[in-house]
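Note that ligands are numbered from 1 as they come in the structure, with each ligand's atoms numbered from 1 the same way.
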Amino acid sequence: MRYALISDLHANLPAFEAVHADITRREIAAVYHLGDLVGYAPWPNETVAALAAAGIAGVAGNYDSTVATDYKHCGCRYEDPRQEELSHLSYDWTRRHVSPSTKACLGGLPFRIDLLPNGGHLAGPRVVLVHGTPTLNTVYWTEDRPDEFCVKMASLAGMKPGDVIAFGHTHKPWHREVGGIHFVNTGSVGRPKDGDWRAGYVLLDVGGGSVQVEFVRVEYDVERAMRAIRESDLPDDFAEHLRTGGLAP
Ligand SMILES: [Fe+2]
């Protein structure tokens with residue numbers, strides 16, 4: 001069974017369109033998103049509508065659940081006062097621009113999705129999809145987390161050897177296996193932070209006793225995204241962020 005997993009689109013419609021085109025030309029059983037559909041770029045309504053039109057289901061990111069519930073901030077981490085200011089500007093802009101139907105759509109996203117590639121009538125591997133961790137969608141599951149953290153999360157999620165848990169939120173892709181359980185951070189479609197500007201997603205093959213993870217990067221019309229950010233009231237910093245793959249603030 002082959003899945004495409006896409007996360008952290010962050011209202012970057014050109015990035016989603018390129019990824020979707022790349023997925024469509026492959027043989028994929030199903031596509032799921034791991035949340036954070038909005039924020040930082042000027043197409044929140046269009047991105048949510050495009051996912052719905054493509055029939056792509058998924059889970060709630062922190063940006064989705066905070067916008068949907070009118071929370072006081074987006075639940076994002078910042079490392080300095082400028083980042084904090086930018087974070088608030090993006091959140092305020094997004095809240096002012098999401099339509100009622102987009103907001104309802106974000107509020108209806110589930111926290112977690114479980115996939116059973118062999119079917120629910122047979123024992124077999126389970127693929128768990130969350131945005132951040134199985135406990136909260138705001139917790140950053142970075143690559144430098146120790147194995148003990150991974151094992152604890154897997155236990156909380158009720159996982160066993162051979163299972164896979166996939167998540168995003170940090171915008172930096174990684175994969176490792178601990179105790180037979182696969183931990184996969186899918187990276188970000190619309191706002192990578194690993195120094196590579198291209199849109200990132202994951203192809204996951206599960207079945208026949210093996211798990212295979214492929215990280216895919218796709219070029220997209222980043223100039224179009226940068227232009228739209230500069231022409232909007234969003235901070236121009238977000239355009240530089242896209243061009244540098246997150247190396248600019
Ligand atoms: Fe995100």
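- Taking the disulfide (SG to SG under 2.5 Å) definition, one finds that C105 meets it with nothing, sequence neighbours left out.
- Below the 2.8 Å limit, the Fe ion (ligand 1) has as protein N, O or S neighbours D8 OD1, H10 NE2, D36 OD2, H171 NE2.
- Ring to ring, Y63 and Y40 are close: their centroids are under 6.0 angstrom apart.
- Because its NZ or CZ atom is both nearer than 6.0 Å to the ring centre of W43 and within 45° of the ring axis, R224 counts as a cation-pi partner of that residue.
- Under a cut-off of 6.0 angstrom, the local environment of NZ in K152 is sparse, with at most 12 non-hydrogen atoms contributed by other residues, nucleotides or ligands.
- Taking a 6.0 Å sphere around CG of D92, one finds it holds more than 12 heavy atoms contributed by other residues, nucleotides or ligands.
- Both the sub-6.0 Å distance and the 45° axial angle are not jointly satisfied by R198 relative to the ring of Y220.
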